Amino acid sequence: MVGNATVKEQTIFAHVGNMIKTEDREIRMVAKYEEPLVVVLENVLSHAECDALIDYARERLQRSKIGGGREVSQLRTSSGVFCEENEWITSIEKRISHLMNIPIEHGDGMQILFYAPGQEYQPHFDFFADTSRASANNRISTLVMYLNDVEEGGETVFPMLQLSVFPHKGMAVYFEYFYNSEELNKLTLHAGAPVIKGEKWVATMWMRRQAYRLS
Ligand SMILES: O=C(O)CCC(=O)C(=O)O
Ligand SMILES: [Fe+2]
């Protein structure tokens with residue numbers, strides 16, 4: 001919000017205080033941008049869960065490379081895999097659902113992205129354009145979870161807000177774009193800055209306005 005005190009729009013993220021108690025974890029809020037809401041969260045995933053997600057994805061990425069047929073995109077040079085549900089992934093998704101305050105059936109499923117040095121995700125919106133068919137049940141909020149520490153680069157950058165979030169293992173950044181004001185939604189433009197040194201692994205959850213998959 002810039003300038004004088006206009007009335008704030010309602011948010012999906014309704015947690016008060018600095019702590020979110022889920023069934024199995026206490027997540028702490030460490031920073032917040034008010035409108036559009038961007039929240040930096042600590043202790044979202046344990047280090048063991050981060051490692052397990054990386055192992056899970058590494059194995060599948062390798063397999064998909066052998067299979068070939070990976071689509072090449074200028075916008076996103078990283079590679080990704082969607083997680084199939086199993087017992088431990090389901091328990092993570094349950095926590096995420098509580099955190100994002102949306103039933104898990106509204107989720108696209110968790111996607112793990114890998115960036116090697118030089119790879120990036122150029123500025124984009126997570127919601128689909130009105131003209132696309134996917135916008136009929138559009139995305140409304142995002143959680144990007146950092147699965148490792150990046151030696152250099154790889155920040156999640158919000159250029160319109162002049163805000164950068166540095167990847168840190170177990171932490172996450174949450175933001176939403178379900179405002180009546182299209183201008184607010186468009187301020188959530190964001191990018192994964194090029195990784196300079198080391199690897200970067202993130203797991204992303206996008207939520208839809210309506211249920212998207214079977215539970
Ligand atoms: O890698 C990042 O920091 C951002 C990822 C992202 O924008 C997405 O998964 O939609
Ligand atoms: Fe994104």
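Bear in mind the structure is a predicted one, so any value in this text is a computation, not a measurement. One-based numbering, in listed order, for ligands and for the atoms of each. What's counted below: heavy atoms across the whole structure, side chains too, no hydrogens, waters or symmetry copies. Counting from 1, the numbers follow the sequence of the chain as shown.
- Interface of Leu113 with ligand 1, defined as ligand atoms under 4.0 Å from a residue heavy atom, comprises 9 (O).
- A salt bridge between Arg58 and Glu199 is present, with a side-chain N of the basic residue lying under 4.0 Å from a carboxylate O of the acidic one.
- The minimum distance between the Fe ion (ligand 2) and any N, O or S atom of Asp126 involves atom OD1.
- With no hydrogens or angles considered, no side-chain donor-acceptor pair links Asn148 and Trp201 at under 3.5 Å.
- Asn137 CG: more than 12 foreign heavy atoms inside a 6.0 Å radius.
- Taking every heavy atom of Thr204 and a limit of under 4.0 angstrom, the matching atoms of ligand 1 come to 8 (C), 9 (O).
- For ligand 1 and Thr156, the ligand atoms under 4.0 Å from any heavy atom of the residue are 2 (C), 3 (O).
- Side-chain contact of Thr142 with Tyr177: a donor-acceptor pair under 3.5 Å is present, judged by distance alone.
- When Phe114, Trp206, Tyr115 are checked for heavy-atom proximity to atom 4 (C) of ligand 1, Tyr115 turns out nearest.
- Within a 6.0 Å radius of CD in Glu84, no more than 12 heavy atoms belonging to other residues, nucleotides or ligands are found.
- Assignment of His124 to the shell around ligand 1 is supported, since a heavy atom sits closer than 4.0 Å.
- Each of Arg213, Arg208, Arg209 was scored for a salt bridge (Lys or Arg N to Asp or Glu O under 4.0 Å) with Asp108, with one residue passing: Arg208.
- The shortest heavy-atom distance from Asp126 to ligand 1 is under 4.0 Å.
- The protein heavy-atom contact nearest to atom 8 (C) of ligand 1 is Tyr121 CE1, 3.7 Å.
- Any N or O atom pair closer than 3.5 Å counts here, and Glu155 shares no such pair with ligand 1.
- Between Gln119, His190, Lys200, it is Lys200 that holds the heavy atom closest to atom 2 (C) of ligand 1.
- Within a 6.0 Å sphere centred on CG of Asp130, other residues, nucleotides and ligands contribute 12 heavy atoms or fewer.
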